[in-house]
Amino acid sequence: MSEAEVRPTNFIRHIIDEDLASGKHTTVVTRFPPEPNGYLHIGHAKSICLNFGIAQDYHGLCNLRFDDTNPVKEDIEYVESIKHDVEWLGFHWDGAVRYSSDYFDQLHQYAVELISKGLAYVDELSPEEMREYRGTLTQPGKNSPHRDRSIEENLALFEKMKNGEFAEGKACLRAKIDMSSSFIVMRDPVLYRIKFADHHQTGNKWCIYPMYDFTHCISDALEGITHSICTLEFQDNRRLYDWVLDNITIPCHPRQYEFSRLNLEYAIMSKRKLNLLVTEKLVEGWDDPRMPTISGLRRRGYSASSIREFCRRIGVTKQDNNVEMVALETCIREDLNDNAPRAMAVIDPVKVVIENLPQNHEEMLTVSAHPSKPEMGTRAVPFSREIYIDRADFREEANKQYKRLVLGKEVRLRNAYVIKAERVEKDEQGNITTIYCHYDSETLGKDPADGRKVKGVIHWVSAPHALPAEFRLYECLFNVPNPGAAEDFLSTINLESLNVVHGFVEPSLALAKPEFAYQFEREGYFCADSRHSSPEHLVFNRTVGLRDTWAAQAS
Ligand code: ATP
Ligand code: MG
């Protein structure tokens, strides 16, 4: 099924359908508003597919807007990575990239408007006092002693804040709403705070920065957003969103709708925590193939379409959920089963000598790139007297269930001939070093003439042509299904999440493109690593195994 055929339906799309039918809106404008304080993760992909997907399906527009109000935690590196990830996922934002910081002048004007209406004041409580005054879920807050300053005094103090005449933490601008509201966000929320920090977009122009709640609704309104879609933790903030827009002079009032965040088992979906993994060097970087980031999944070999398909399948609701890793893996496995070219790689090699072939035998076999897709073409696979097979594909003795190579028995070499194991050579520790075989020259692409049945098929690589390769086999980064809930999530890290082994690949993989996955027959899906692989030193990441191993573990 192609994505185009399966237009998703969900409660947000129902609301849009109604708004279009009633004439409330004639067009749809959404936005994806990341804070550039980390790389995007698979949770963000859900929000991206939702916002950009709606714009696509309704012939509307979707903006990319950086919610960049906290210069201390933000960085241009994150801005660049986020733009790249959104494009890689296959989406296009309307017009130029936008930044909340584009609106700092207007935001400042609106703050002045609120002060002038007696709806905002400069407070000088310390952060600790402010916390104390705020009250709790069960107890109302109390008014700050500075709450009733005159409008003139507030205007003058806010100007002083803007001019850098207060130290950080010594003053802030607060909305004057209701310290006893049952919604804590409505207890005189902070609108502006002082930060003497250079901003990646505005440099040192400002030393006061607007808070998220104040900035977000105004940015949405200035951009003419019709449906402002966010995650459920902002449900209470909707009151403040509406309060700000209701109390300033702005012609547009977008509506906010909330959906539940994606949580993925055995993974972390918080940029703050992902950042900790990076800074503590517990992973190689934001794009470590074990990370649930878009860049990590890409480096691991995930395709953009598999991630979009995953987001389509999980759907959009208001229910809390913890999606199983198998759901994500199934999407990439299905995609690669259909689309990945096949190749042969031996991950745990042992040498096989085919004694009835001449020393210098070299034969080029023409092999299809995909068993059921002739349009994907063919590749040349060399065959010679010495080959490698996987150690697990040979036994000196075995029962009938074992359909691979056994001493005295036959097996088919994938895409090549039938061989029979005659004897083995071992080292001093008793490990097999070489398996000596004979081959049947009449079995290329056909069964033995005398009716002998050869059931097993194993993969192999010609030894003189084989390219040495490093294989990185990944497991989950965490040992527990919900590491985010652990008191110390770092203690739930799986120390064996990366297993590096060395073997060989067929020569056609010399120029394997990074991030482009192959099916290594009988081994799994692999792609060359974008950071470490080079023609001199091939490194392959295992994207995903051939079969769902979660089911096997559970039973
Ligand atoms: P994090 O907790 O990972 O830092 P965030 O919400 O602070 O996430 P933002 O950069 O503010 O990250 O997120 C941009 C958009 O992506 C927001 O609209 C947010 O609601 C959405 N988003 C973030 N995480 C998820 C998730 N796990 N599932 C769905 N949407 C998400
Ligand atoms: Mg955020």
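Bear in mind that the values here come from a model prediction, so they are computed numbers and not experimental data. Ligands are counted one by one from 1 in listed order, and the atoms in each one are counted from 1 as well. Note that these values count all heavy atoms, side chains included, but never hydrogens, waters or copies made by symmetry.
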So is there a nitrogen or oxygen of [X] less than 3.5 Å from a nitrogen or oxygen in ligand 1?
{"X": "P34", "answer": "no"}
{"X": "E35", "answer": "yes"}
{"X": "H41", "answer": "yes"}
{"X": "R31", "answer": "no"}

Among H216, H44, K271, which one puts a heavy atom closest to atom 10 (O) of ligand 1?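 Nearest heavy atom to atom 10 (O) of ligand 1 lies in K271.
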
Selected option - heavy-atom contact closest to atom 30 (N) of ligand 1, from G43, C230, C49, G484: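 It is G43 that holds the nearest heavy atom.
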
What salt bridge (charged side-chain N to carboxylate O under 4.0 Å, His left out) pairs are there with at least one residue in residues 180-190, not counting sequence neighbours? R147-D188

Are R239 and F183 in a cation-pi contact, defined as NZ or CZ under 6.0 Å from the six-membered ring centre and within 45° of the axis?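 So R239 does make the cation-pi contact.
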
Could you pull out every donor-acceptor pair under 3.5 Å between side chains of residues 203-211 and any protein atom, sequence neighbours left out?
{"unit_1": "K205", "atom_1": "NZ", "unit_2": "D105", "atom_2": "OD1", "d": "3.2"}
{"unit_1": "K205", "atom_1": "NZ", "unit_2": "D105", "atom_2": "OD2", "d": "3.2"}
{"unit_1": "Y209", "atom_1": "OH", "unit_2": "A197", "atom_2": "O", "d": "2.9"}
{"unit_1": "Y209", "atom_1": "OH", "unit_2": "W206", "atom_2": "O", "d": "3.2"}

Say whether E129 and S126, considering side chains only, have a donor N or O and an acceptor N or O under 3.5 Å apart.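 Side chains of E129 and S126: pair found under 3.5 Å.
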
Does ligand 1 have an atom under 4.0 Å from some heavy atom of R272? no

Candidate pair Y525 and Y302, rule ring pair (Phe, Tyr, Trp, His ring centres under 6.0 Å), full reasoning: CA-CA 10 Å; Y525 297 97; Y302 274 73; over 10 Å; no

